[in-house]
Protein chains: 2
Amino acid sequence: MPPYHHGQLRTALLEAAERSLRENGEEQLSLRELAREIGVSHAAPRRHFPDRQSLLYALAETGFARLDEQLRAAVAAAGEGYVPQLRATVKAYITFATDDAALLELMFSSKHRPGAEQVVAAAEPAFTLLYGLIVRGQAEGRLAAGDPERIGLVMFATMQGIATLINTGLARPELLDDLVETAVEQFVGNVKASSVRSG
Amino acid sequence: MPPYHHGQLRTALLEAAERSLRENGEEQLSLRELAREIGVSHAAPRRHFPDRQSLLYALAETGFARLDEQLRAAVAAAGEGYVPQLRATVKAYITFATDDAALLELMFSSKHRPGAEQVVAAAEPAFTLLYGLIVRGQAEGRLAAGDPERIGLVMFATMQGIATLINTGLARPELLDDLVETAVEQFVGNVKASSVRSG
DNA sequence: ACCTGAACACCGTTCAAGT
DNA sequence: ACCTGAACACCGTTCAAGT
């Protein structure tokens, strides 16, 4: 018979929730079902997550952390060149986002209730990475001049949008590489035509 | 006392649902509550929408139709110039998308169940409009050459992503005009630097 | 053809009580 | 400090029956 105290319930809930989210989407995720799977009463999760939403927020937060990791790994593996690093970043982002569409939706679903601030904060490292990439691109004359934050937001928006299009079925997944390339060309296009000719 | 047959139940449901969606989001939308508001039994909606999801699909479809209308109106009001028309389109899209964030989410939420095909089909006119804008831009030497569908997808993605960023709170709404301008410059930037100097 | 009313199987949330 | 069990107020969905 199982012990009265689970001991790892918080972790177990997060793991089960992550799998459920990936497999069946946010709507299908049920606290009672997670509790059943784990073998605990339906009221037990309350100690760790006061309500369903707080569990979802936690998933979104770890999602942003993992996204940041994967982006940094992609940059590190891309070598020294600026355009290859930029391309790797864009591709890594979209790959992450299309690999777990439900998680991406959760991360970007517009929740304005109190508690979402932590999610916004969790998104910051990924933004900082992007910001650095832009500042460097401008310093090396690869990107057009301008407010890096604004350019970074538009870049992030483009990647996010491409992922959404693929996840929605509005763009076929096979187009991923083409779309990545088109996006990258758009980012570096301003300069490419005037001051830089080849990669 | 109300008549046994409502007569306009389908329309009444759609209107009430649209308002509920805008005010409280998709999760809060309840068929039973809509039925109560309208003054009909909780089982009555079933005649018109077999389940909750089909009502949501219907909202997404009319959303795309309205989006298309607003985009065309914006283009028509923008005058003859290409860049003004492009800018007006981008701004109209993002304005639509941020005016009713829940509807946008619904329109783009990734549903792969049967029934979503109609939603995808409803999105087509807006895409066609964009496609035409791109073909014209290329013909006039304002946009870089390349597969118009690919460029259109990336353009759509950029607009959609900017809207998502604003709706999520990752970008402040006041940045809207700046972000629109940055996006437009990105679209026409390739050409501006080499063959076209001024607007 | 359209709507009702009761019934079923689920939820999330709350709270006194147990260990 | 952590978990249970019963209770509450909601859902979506189904279906025989009413008009």
Side-chain angles (χ1 to χ4, degrees), chain A residues 1-21 23-60 102 105-106 109 111-116 119, chain B residues 1-21 23-60 102 105-106 109 111-116 119:
Chain A
M1 69 179 64
Y4 190 84
H5 283 61
H6 183 280
Q8 295 288 99
L9 184 51
R10 197 193 137 91
T11 307
L13 279 168
L14 283 172
E15 282 175 8
E18 201 172 322
R19 191 182 36 66
S20 171
L21 179 68
E23 287 173 8
N24 303 310
E26 191 211 295
E27 287 186 13
Q28 296 294 325
L29 190 149
S30 153
L31 286 185
R32 283 177 108 109
E33 191 180 340
L34 296 182
R36 270 196 300 273
E37 283 175 19
I38 295 172
V40 93
S41 89
H42 66 261
R46 190 146 217 275
R47 285 290 135 185
H48 306 279
F49 302 99
D51 55 22
R52 196 184 110 111
Q53 192 57 236
S54 68
L55 175 56
L56 296 179
Y57 282 148
L59 288 179
E105 253 185 72
L106 191 63
S109 71
K111 310 286 182 193
H112 295 294
R113 324 178 205 182
V119 178
Chain B
M1 73 177 68
Y4 190 86
H5 283 62
H6 182 282
Q8 295 286 98
L9 185 51
R10 197 192 137 91
T11 306
L13 280 167
L14 283 172
E15 281 174 9
E18 202 172 323
R19 191 182 38 67
S20 170
L21 178 68
E23 288 174 6
N24 305 309
E26 191 211 297
E27 288 186 12
Q28 296 294 325
L29 190 149
S30 152
L31 286 185
R32 285 177 106 109
E33 191 180 339
L34 296 182
R36 270 196 301 272
E37 282 175 20
I38 295 172
V40 90
S41 88
H42 67 261
R46 189 146 218 274
R47 284 289 136 188
H48 305 279
F49 302 100
D51 55 23
R52 196 184 108 110
Q53 192 57 236
S54 68
L55 175 56
L56 296 179
Y57 281 148
L59 288 179
E105 253 186 72
L106 190 64
S109 70
K111 310 287 183 192
H112 296 294
R113 325 177 205 184
V119 178

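Note that these values count all heavy atoms, side chains included, but never hydrogens, waters or copies made by symmetry. Naming: A, B, ... by sequence-line order, numbering from 1 per chain.
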- Do other residues, nucleotides or ligands put more than 12 heavy atoms under 6.0 Å from B/Gln8 CD? no

- Task: For the side chain of B/Leu31, starting at C-beta, report the closest nucleotide among D/dT13, C/dC3, C/dG12.
- Result: D/dT13

- Message: For B/Glu37, give me all partners under side-chain hydrogen bond (donor to acceptor under 3.5 Å, both in side chains), at least two apart in sequence or on another chain.
- Response: B/Arg19

- d(A/Leu9 CG, A/Arg47 CZ) to nearest 0.5 Å is 11.5 Å

- Task: Would you kindly give the CG-to-P distance between A/Asp51 and C/dC15, to the nearest whole Å?
- Result: 14 Å

- Qualifying residues under side chain to side chain contact (heavy atoms under 4.5 Å, CB included), relative to B/Arg36, sequence neighbours excluded: B/Arg32, B/Glu33

- Task: Whole angstrom is fine here: how far is it from CG in B/Asn24 over to P in D/dC11?
- Result: 12 Å

- Query: For A/Leu55 and C/dG12, what is the distance between atoms CG and P respectively, to the nearest whole Å?
  - Reply: 10 Å

- How close or far is atom P of D/dC11 from atom CD of B/Glu33, stated in whole angstroms? 6 Å

Listed pairs, N/O of protein and of nucleotides 6-10 of chain C, under 3.5 Å:
unit_1: C/dA6; atom_1: N6; unit_2: B/His42; atom_2: NE2; d: 2.8

- State which of D/dT13, C/dT13, D/dC3 makes the closest approach to the side chain of A/Arg52. C/dT13

- Task: Check the distance between D/dT4's C1' and A/His6's NE2 and give it to me in whole angstrom.
- Result: 15 Å

- Under 4.0 Å: is that the gap between some side-chain N or O of A/His48 and OP1 or OP2 of D/dA1? no

- Message: How many whole angstroms separate atom CD of B/Glu26 from atom C1' of D/dC11?
- Response: 14 Å

- Item | Results of salt bridge (charged side-chain N to carboxylate O under 4.0 Å, His left out) for A/Glu15 - residues two or more places apart only | none

- Task: Could you grab the distance from atom CG of B/Leu106 to atom CG of B/Leu56, nearest 0.5 Å is fine?
- Result: 5.5 Å

- Message: Run the side chain to side chain contact (heavy atoms under 4.5 Å, CB included) test against B/Ala17 and tell me which residues pass, sequence neighbours left out.
- Response: B/Leu29, B/Leu34, B/Leu55, B/Leu59

- Dot-bracket pairing map - DNA chain C, Watson-Crick plus G-U, both contacts under 3.5 Å, | cross-strand: ||.|||||...|||||.||

- Rounded to whole Å, CG of A/Leu13 lies from P of D/dC2 at a distance of 13 Å

- Would B/Leu31 and B/His42 satisfy side-chain contact (heavy atoms from CB on, under 4.5 Å), going step by step from the backbone distance to the final call? CA-CA 7 Å; B/Leu31 286 185; B/His42 67 261; over 6 Å; no

- Item | B/Arg52 side, atom CZ; A/Glu27 side, atom CD - distance, nearest 0.5 Å | 5.5 Å

- Query: Rounded to whole angstrom units, what separation is found between the CD1 atom of A/Ile38 and the P atom of D/dT4?
  - Reply: 11 Å

